[in-house]
Asks: 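After the structure tokens below, expect a handful of questions from me.
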Amino acid sequence: MATLCLTDLSEDSTENALRRYTRAPNWRRTIHDALIAAREVVTAGPPDLARALRDAPTVGLRIESGIRPDVTATQVALYVHYSATGRVSEMVRCHLALLNELGFSIVFISMADGIPDADWQAVRRLAALAVQRPNFGLDFGAWQDLMPE
């Protein structure tokens, strides 16, 4: 196993600058690691692309107005949620209530499957808009999909 080391920082030495970004000052090991990373990208890239094209998500599996729409709100919080069980915890509900107290109009976006109806209704009582969408694109995908709403 290669040992980690620190090198002196100097603006006039490009060799040291490149070595700082490696695990150790060993070019052979650096090239080896780069080839492994390249092989992983080439191997995993096509299947990932095929899956993304085949399983293109439909935006907005479920979109419902919340009970707290505020047309005068000057601040909007996009709250992105995920839970493997589908449940919306009490901690999340408290967080949503605090955002309301701070004057935010909340767009609640969950990427969890099978949210129980009681949890969904609890979220709707705290949000201006409640959305359940496929777990695709993670937080950034949710923001991109729902920003126009």
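All heavy atoms count here, side chains included; hydrogens, waters and symmetry mates do not. It should be emphasised that the depicted structure is a prediction, and the values quoted were computed from it without experimental measurement.
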Asks: Once you round to the nearest 0.5 Å, how far does CD1 of Ile67 lie from CD of Gln121?
Replies: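 It comes to 6.5 Å.
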
Asks: What closest approach, in Å, do Arg124 and Ala130 show between heavy atoms, and which atom pair accounts for it?
Replies: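 Taking every non-hydrogen atom into account, CG-CB, 3.9 Å.
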
Asks: Do Tyr79 and Val107 have side-chain heavy atoms sitting under 4.5 Å apart?
Replies: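 No - every pair of side-chain heavy atoms lies 4.5 Å or more apart.
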
Asks: If I take atom CD from residue Gln75 and atom CG from residue Leu102, how far apart are they, to the nearest 0.5 angstrom?
Replies: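 Reported to 0.5 Å precision, the distance equals 8.0 Å.
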
Asks: Heavy atoms, side chains only, cut-off 4.5 Å: are Val80 and Met111 in contact?
Replies: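 They are in side-chain contact.
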
Asks: Just wondering, do Ile109 and His81 contact through their side chains at under 4.5 Å, heavy atoms?
Replies: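 His81 does not reach Ile109 side chain to side chain.
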
Asks: Does any non-hydrogen side-chain atom of Leu129 lie less than 4.5 Å from one of Val131?
Replies: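 They are in contact (side-chain heavy atoms under 4.5 Å apart), so the answer is yes.
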
Asks: Using 0.5 Å steps for rounding, measure from the CG atom of Leu78 to the CD1 atom of Ile106.
Replies: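 So the CG of Leu78 and the CD1 of Ile106 are separated by 10.5 Å.
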
Asks: Indicate the atoms forming the closest heavy-atom contact of Phe108 with Ala127, along with that distance.
Replies: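 Phe108 and Ala127 have their closest heavy atoms at CB-CB, 4.2 Å.
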
Asks: For residues Gly103 and Ala73, report the shortest heavy-atom separation together with the two atoms involved.
Replies: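 Taking every non-hydrogen atom into account, O-CB, 4.3 Å.
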
Asks: Listed by chain and number, what are the side-chain contact (heavy atoms from CB on, under 4.5 Å) partners of Asp119, not counting sequence neighbours?
Replies: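 Partners of Asp119 under the side-chain contact (heavy atoms from CB on, under 4.5 Å) test: Arg87, Val88, Arg93, Ile115, Pro116.
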
Asks: Tell me, please, which residues at least two apart from Ser89 pass side chain to side chain donor-acceptor pair (under 3.5 Å).
Replies: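 Ser89 satisfies side chain to side chain donor-acceptor pair (under 3.5 Å) with no other residue.
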
Asks: May I ask you to test the Glu64-Trp120 pair for a side-chain heavy-atom distance under 4.5 Å?
Replies: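 Heavy-atom side-chain distance check passes, below 4.5 Å.
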
Asks: Give a yes or no answer on whether the side chain of Asn100 reaches the backbone of Leu126 with a donor-acceptor pair at less than 3.5 Å.
Replies: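 At least one qualifying donor-acceptor pair exists.
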
Asks: Verify the cluster assignment for Met91 and Leu96: are they in a single hydrophobic cluster under the rule of side-chain heavy atoms below 4.5 Å apart?
Replies: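 Yes, it is one cluster - the side chains of Met91 and Leu96 are joined through contacts under 4.5 Å.
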
